[in-house]
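This report refers to the structure that appears directly beneath it.
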Amino acid sequence: MTKSSVLGYPRIGADREWKKALEAFWAGKLEESEFHARLQEIRIDHLRKQQAKGIDIIPVNDFSYYDHILDTAVMFGIIPKRFAYDGGSVPLSVYYGIARGTKDAAASEMTKWFNTNYHYIVPELDGASPTLTENKPLLAYREAKEKLGIEGKPVIVGPLTFLKLSKGYDKSETDAWLDRLLPLYTQLLQELASEGVQWVQVDEPILVTKLSDEDVQRLNKIYETFAAAVPGLNIMLQTYFESVENYNDIVALPVQGVGLDFVHGLSGNTQSIRTSGFPADKVLGAGIIDGRGIWKASLQAKLNLLNELTEFVTPERIIVQSSCSLLHVPVTTDREAKLTSELKNALAFADEKLEEIVLLTTALSSPSAEITAKIDEAELPLQALQQSEDRNRTAVQKAVASISVQQPERSRPFAERHEAQQAKWQLPLFPTTTIGSFPQSAEVRKARQLWRKGELNNEQYAAFIREQIDIWIKIQEEIGIDVLVHGEFERTDMVEFFGEKLAGFAFTQFGWVQSYGSRCVKPPIIFGDVAFTGEMTVEETKYAQSQTERPVKGMLTGPITIMNWSFVREDIAREQIAYQLAYALRQEVEALEQAGIGMIQVDEPAVREGLPLKENEQADYLAWAVKAFRISTCTVHETTQIHTHMCYCEFHDMIDSIEAMDADVISIETSRSHGELIHSFEENTYELGIGLGVYDIHSPRVPSVDEMSSMIERALRVLDPKLFWINPDCGLKTRGQEETVASLRNMVDATRIARNNHASAAVL
């Protein structure tokens, strides 16, 4: 009989119980024993919910205290030397130190999990001596069985993926590192097998990327080793986010099941099965319910796909499951009372996806008239939404069709703009600035909450925001920042804020998803045609500029980031959504310029994460992503300086596209990756203004002047001093005022040292 499963369930809880527990523990409000007990309650509740929904094979060890890649590194004792780990069970102080940094040690690098907005902690292999510190998957399996009678499916990150996502070793050492890790993985699996575990999910999402011949050989070595060591254990080799490369090599591996993504990898994976079939001795994990999107599935189309797959795989060898972990979607739509019924009825979050999986599993194995009726009924909300006015704004559609066929260009090339801007602004060598946001204190959050409840009227709230702007304009001036920002105190989230002011967006009350650590975001839903309805940022920015003689940047979120950090409609191409957003933002850019704002930052931190995993699709995406940015910014005068910002991604493979955006200044993360991005500029020229972030804002520690000076000097070996800016890695919204001021003072002091060291560059 066909079985059902999921690849993972959201950690955070419907009320973000997980986040609250973590932050209470970090703040010293929960003892460690209480903390462990609270997380166990949350974990058990999630398992119980999947059990009640009727999921047959329930994942365990998908839960985490921070991040699943960090969990894997810690489980194998891979701890950076700076955290003074001396063996044995890894204490939470070390675990969270790696993730968040300590007073004396910088946090490990954080970057995007493939092409999602989830961030993982990058393992550092340099100098590590791997050992199995604790078999966490085994403990998770025992817990589920003892507490709920669940025969769980332990989830582990596969060796090849773990190695490929790690740093601190040369490529020539890959096989040596594999030889160190394989015995530990084998020990882990043997202990699971001895416990009576039936299925283990080994996640190898790296298999959807391009593999070398050596990687294929490593795959064979890994899974042949496992097959010999645990011949009675069922291994589900799980892939997701795209279609697999090397399909024939992968399905020939000595594993009992192969999981494929039939949502984001639909075309490639179905073509591979049609062409090459599927082994008769393996189970197919059919990932047909989207683990990343929030729309109800067209269940009839999904059932048709399953029926097609039964031409190659018998139904009893199919597991119907999500395309990836449900980590990437909110928990449930049940409490979303403020959405229109038309929209809410078309949504499926994690819990609703469990129901879809179970329904499709039943339809495949035990079809009935009742099941058929439920599947037909599922189509109605999608059809109603498609016919709504929100998806048929003809004026927007016509305007976007007109501008999208043009090639957006600034009126003058960068060299001429730079000269005109420098004449206007008279900025010093190495101008200092920040990325946009300043600490949002409890007072700021409370005022916003009171305003939303109607307990503060618009005038009172606007006066409060102006007071905050006044405070931070003075702080910036006193510290010595050259280009100021208003602080974004009126904004909750850099995407939500703009979505609330544009047509075509909807907002949930409880639609939270994990971004990194305890940081949760509530992505807007782009469900209709996007339209500009009025000025969004002009009032606060204009006020801030009136309070200082120094330039104040207008702060906007760019079209690609708004799109990539939202849940988007699926009835039109993402390219068209990007152009609709760009057209709306262009109107805001023009309004800022008309209000006298001569520096405007259009942030695009999410461009890289939207890059397709398939190399043959990347150039097209980058072309229209760059075009969308330029549509937003191309109409300003040559003296108006356009800034942008990017962070926490691997940018080395898209430097040319970043330059093609033609921003006058880009600020980009480099400190969290310990300056490694600078290596990209050692190999590639970059001839526009650039600020490489000199300190990590995601850590509470205050970096020293010497640390920042070292980063600045390394960057200046490869970048033009006349085009170099100095700034933090990212916005400062989540930091406290004391640490923020101290860090910025050190940044300005490091800048003064750099100006003295490079004074000759100012006159060249």
Side-chain angles (χ1 to χ4, degrees), residues 1-7 55-57 59 151 153-156 158 160 189 192-193 196-205 207-208 211 215-240 242-263 265-289 302-324 357-358 360-367:
M1 180 178 290
T2 306
K3 299 289 186 181
S4 61
S5 188
V6 291
L7 308 192
I55 296 296
D56 296 312
I57 306 174
E151 181 63 44
K153 173 186 62 171
V155 178
I156 64 175
L160 189 64
L189 293 173
L192 291 175
V197 170
Q198 297 177 19
W199 279 100
V200 175
Q201 177 182 312
V202 182
D203 284 357
E204 291 280 19
L207 302 187
V208 305
L211 301 178
D215 287 334
V216 174
Q217 293 172 10
R218 290 170 187 133
L219 270 179
N220 282 306
K221 179 177 181 177
I222 291 166
Y223 291 95
E224 286 170 2
T225 299
F226 292 169
V230 284
L233 183 64
N234 292 314
I235 291 178
M236 174 63 76
L237 178 61
Q238 186 62 57
T239 69
Y240 39 82
E242 249 295 356
S243 60
V244 297
E245 300 280 338
N246 303 86
Y247 173 84
N248 290 327
D249 294 315
I250 289 167
V251 297
L253 292 168
V255 294
Q256 289 66 44
V258 177
L260 301 176
D261 183 338
F262 288 101
V263 177
L266 175 62
S267 176
N269 282 332
T270 52
Q271 184 59 44
S272 292
I273 287 181
R274 288 180 187 131
T275 302
S276 303
F278 191 81
D281 62 343
K282 289 181 173 58
V283 170
L284 173 64
I288 64 168
I289 293 298
K302 300 296 184 181
L303 184 57
N304 292 343
L305 173 59
L306 286 171
N307 283 321
E308 180 184 348
L309 292 174
T310 62
E311 298 175 18
F312 307 94
V313 190
T314 57
E316 63 271 16
R317 291 192 296 110
I318 291 178
I319 298 176
V320 179
Q321 57 189 29
S322 54
S323 64
C324 63
I357 289 168
V358 171
L360 286 168
T361 303
T362 305
L364 188 64
S365 58
S366 305

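For the numbers below, each heavy atom of this structure counts, side chains included, while hydrogens, waters and symmetry mates do not.
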Just by modelled atom types, is the Asp56 backbone N or O under 3.5 Å from a matching donor or acceptor in the Ser4 side chain?
-> yes

Please round to the nearest 0.5 Å and tell me the distance separating atom CG of Leu233 and atom CG of Leu192.
-> 7.0 Å

Would a distance-only check, ignoring hydrogens and angles, find a side-chain to backbone donor-acceptor pair under 3.5 Å from Gln201 to Leu7?
-> yes

Reported CG-to-CG distance for the pair Leu360 and Leu305, which is rounded to 0.5 angstrom = 10.0 Å

One should read off an interatomic distance between Ile250 CD1 and Glu204 CD, to the nearest 0.5 angstrom, of 9.0 Å

Minimal non-hydrogen separation, Ser365 against Pro367, with atom names | C-CD, 3.6 Å

Measure the shortest side-chain to side-chain distance between Phe278 and Val258 over non-hydrogen atoms and say whether it is less than 4.5 angstrom.
-> yes

Any side-chain heavy-atom pair of Val200 and Asn234 under 4.5 Å | no

4.5 Å side-chain heavy-atom contact, Val202 and Tyr223 | yes

Closest contact, heavy atoms only, Cys324 versus Tyr240 | CB-CB, 3.8 Å

Atom OG1 of Thr361 and atom NZ of Lys3: how far apart are they, to the nearest 0.5 Å?
-> 10.0 Å

Heavy atoms, side chains only, cut-off 4.5 Å: are Leu207 and Leu160 in contact?
-> yes

Which pair of non-hydrogen atoms, one from Leu309 and one from Ala286, has the smallest distance, and what is that distance?
-> CD1-CB, 4.1 Å

Heavy-atom closest pair, residues Lys302 and Val263 | NZ-CG2, 3.9 Å

Rounded distance (nearest 0.5 Å) linking atom CG of Leu364 with atom CG of Leu306 = 5.5 Å

Ignoring hydrogens and angles, tell me if any N or O in the side chain of Ser322 forms a donor-acceptor pair with the backbone of Val6 under 3.5 Å.
-> no

Main-chain N/O of Gly287 paired with Gln321 side-chain donor or acceptor, under 3.5 Å = no

Side-chain donor or acceptor of Lys153 paired with backbone N/O of Trp199 under 3.5 Å | no

What do the steps show when you test Ile273 against Tyr247 for side-chain contact (heavy atoms from CB on, under 4.5 Å), and what is the final call?
-> CA-CA 9 Å; Ile273 287 181; Tyr247 173 84; 3.3 Å; yes

Rounding to 0.5 Å, atoms CG (Asp261) and OG (Ser243) come to a distance of 8.5 Å

Any donor-acceptor pair under 3.5 Å linking the side chain of Asn269 with the backbone of Phe262?
-> no

So, do Gln217 and Asp249 sit near enough that their side-chain heavy atoms are less than 4.5 Å apart?
-> no

Counting only N and O atoms by type, is there a donor-acceptor contact under 3.5 Å from the side chain of Lys282 to the main-chain atoms of Val251?
-> yes

Side chains of Pro154 and Val197: does their closest heavy-atom pair fall under 4.5 Å?
-> yes

Verdict with supporting geometry, Asp215 and Asn246, side-chain contact (heavy atoms from CB on, under 4.5 Å) | CA-CA 10 Å; Asp215 287 334; Asn246 303 86; over 6 Å; no

Taking all heavy atoms of Pro315 and all of Thr2, pick out the closest pair and write down the distance.
-> O-OG1, 2.9 Å

Could you tell me whether the side chain of Thr270 and the main chain of Ser267 form a donor-acceptor pair under 3.5 Å?
-> yes

Between the side chain of Thr239 and the main-chain N/O of Pro205, is any donor-acceptor distance below 3.5 Å?
-> no

